[in-house]
Amino acid sequence: YNTWIKNETKNSITTYENFLKVNQGYFKFIISERVDSDKKYFAISKDGKEYSIISGIYISPFAKSICGPSNKDIVDGLLMDATWKTVDGYVTSILMASICNVGVPIGFTFGPGETKELYELFYTTFTNVIDIDLSKYRVESDGGSALAAIASDKGQSHLICHHHYLRSLKTTEFSHQVGSLVSCRCEIDLQNLKKEYSREFSNFVDDAEKIEIIQKKLETCGLRFNLETKSIETHDPERWAAVSLIKRVDYRMPSTTNSLESSHGHLNKDVPQRNDFY
């Protein structure tokens, strides 16, 4: 907070040298020799040549003390998401450590788009610079494909923000039933709803079109309607664990990524549009 928002010198930082001089933490710029098509990237001069800043990563000075071996049990997981406003012309992804449902920002990356490479930068740099393996933590996000791909590659448990999942269901047929199932916070409620909706879905066993819609909706949360037993069953335990609130308790993770969205809002408010890159 003091480094970025209340930094009295931030408005006078207009050069690379000043930027490094007044800020704390680790910064890495990924550059390439500038060409005519690089107008969308910020330019930087180095050794008499002009380069384009393609992407970059920042790690806070206290990241290692939070995620290091001395505090290995206090971090319950990671929160990741991207914003399009903080660094003008780039997509910015903020990394948070989730501790007792509180999100603590420990770094960010920026690049031309929300890609797998943008998130990979976190993993490689944290390992190489402060010897922290981020893949040992579970991660929660809005369910975007780029982060899902990274989590899959790393073998991480990937949880989906409850708010984003419900929005993905939209207001189509049977969305309410599926949304209610994933929103259950105790086993009794879940079993009662499964019985109720199983009876409801049983009315459509002779309607192939309706059953197909039901199955597709249930599959988004790892469930399936068994036509033989006429009951709702867990079809994909991994997917059910990723979206179900009843499983979120076991992971000690928040139901949504609201703390991350809040950080985006604070940063976007304090960094006006069309601002200087630094």
Side-chain angles (χ1 to χ4, degrees), residues 3-5 7 9-60 63 78-96 105-130 134-135 139 141-154 158 164 257 260-261 263-278:
T3 300
W4 294 103
I5 296 177
N7 190 333
T9 61
K10 72 175 182 178
N11 292 324
S12 62
I13 301 172
T14 56
T15 67
Y16 176 72
E17 290 74 21
N18 285 347
F19 177 80
L20 296 181
K21 186 176 180 180
V22 302
N23 286 299
Q24 304 171 40
Y26 173 86
F27 229 119
K28 177 181 181 180
F29 289 129
I30 297 175
I31 63 176
S32 68
E33 198 163 332
R34 195 165 182 82
V35 295
D36 292 339
S37 60
D38 281 355
K39 292 181 179 178
K40 61 182 177 179
Y41 298 122
F42 187 78
I44 185 173
S45 296
K46 184 176 175 63
D47 300 328
K49 288 186 178 181
E50 197 169 61
Y51 296 86
S52 295
I53 297 180
I54 307 300
S55 58
I57 181 171
Y58 167 76
I59 302 176
S60 79
L78 305 174
L79 301 175
M80 289 189 197
D81 198 5
T83 175
W84 276 256
K85 294 182 179 180
T86 301
V87 182
D88 194 26
Y90 297 87
V91 173
T92 305
S93 175
I94 298 176
L95 174 66
M96 276 186 163
I106 57 176
F108 67 83
T109 57
F110 66 91
E114 188 178 5
T115 61
K116 186 177 176 181
E117 290 74 22
L118 186 70
Y119 292 111
E120 177 68 47
L121 199 52
F122 280 127
Y123 294 87
T124 55
T125 311
F126 267 73
T127 298
N128 295 336
V129 176
I130 58 175
L134 295 180
S135 65
V139 61
S141 76
D142 62 1
S145 58
L147 186 52
I150 279 290
S152 177
D153 287 350
K154 305 295 181 182
H158 183 205
H164 284 90
T257 56
L260 196 48
E261 300 286 357
S263 282
H264 287 168
H266 284 296
L267 284 172
N268 294 340
K269 179 182 177 183
D270 283 282
V271 181
Q273 290 297 285
R274 301 184 184 279
N275 55 293
D276 179 84
F277 174 81
Y278 293 115

(request) State, yes or no, whether a side-chain contact exists between L95 and L134 at a heavy-atom distance under 4.5 Å. (result) yes
(message) Please check this pair: side chain of T127 against backbone of Y123, looking for a donor-acceptor N/O pair closer than 3.5 Å.
(response) yes
(request) Can you measure from OH (Y58) to OG1 (T92) and round to the nearest 0.5 angstrom? (result) 14.0 Å
(message) Looking at S93 and D81, would you say the former's side chain and the latter's main chain have a donor-acceptor pair under 3.5 Å?
(response) yes
(request) Measure the spacing between CE of M96 and CE of M80 and express it to the nearest 0.5 Å. (result) 12.5 Å
(message) ring-ring contact (aromatic ring centres under 6.0 Å, His included) for Y278 and F42? Distances and angles first, verdict last.
(response) CA-CA 10 Å; Y278 293 115; F42 187 78; 5.4 Å; yes
(message) Walk me through whether F29 and Y51 qualify under ring-ring contact (aromatic ring centres under 6.0 Å, His included).
(response) CA-CA 11 Å; F29 289 129; Y51 296 86; over 10 Å; no
(request) Measure the spacing between CG of D153 and OH of Y119 and express it to the nearest 0.5 Å. (result) 14.5 Å
(message) Pair T109, T125 - check side chain to side chain contact (heavy atoms under 4.5 Å, CB included), show working.
(response) CA-CA 10 Å; T109 57; T125 311; over 6 Å; no
(message) Return the CG to CD1 distance between L121 and I30, rounded to the nearest 0.5 Å.
(response) 4.5 Å
(message) Taking the side chain as everything from C-beta on, heavy atoms only, tell me whether I106 gets closer than 4.5 Å to F126.
(response) yes
(message) Can you give me the closest heavy-atom contact between P105 and S263, atom names plus distance?
(response) CG-OG, 4.1 Å
(request) Could you please spell out the steps behind the side chain to side chain contact (heavy atoms under 4.5 Å, CB included) verdict for F277 and V87? (result) CA-CA 7 Å; F277 174 81; V87 182; 3.9 Å; yes
(request) Assign the ring pair Y90 / F110 to parallel, tilted or perpendicular, where the plane angle (0 to 90°) is split at 30° and 60°. (result) perpendicular
(request) State, to 0.1 Å, how close I57 and F27 come at their nearest heavy-atom pair, and which atoms those are. (result) O-CD2, 3.2 Å
(request) Give me the one residue out of I94, T83, L78 that meets side-chain contact (heavy atoms from CB on, under 4.5 Å) with L260. (result) I94
(request) Rounded to the nearest 0.5 Å, what's the gap from CZ on R34 to OG on S45? Could you check? (result) 9.5 Å
(message) Give me the atom names and distance for the closest heavy-atom approach of P112 to V91.
(response) O-CG2, 4.2 Å
(request) Mind listing the closest non-hydrogen atom pair of S32 and D38 along with its distance? (result) OG-OD2, 4.2 Å
(request) Starting at CD of E120, measure out to CG of L147 and round the result to the nearest 0.5 Å. (result) 11.5 Å
(message) Side chains of H158 and S141: any donor to acceptor distance under 3.5 Å?
(response) yes
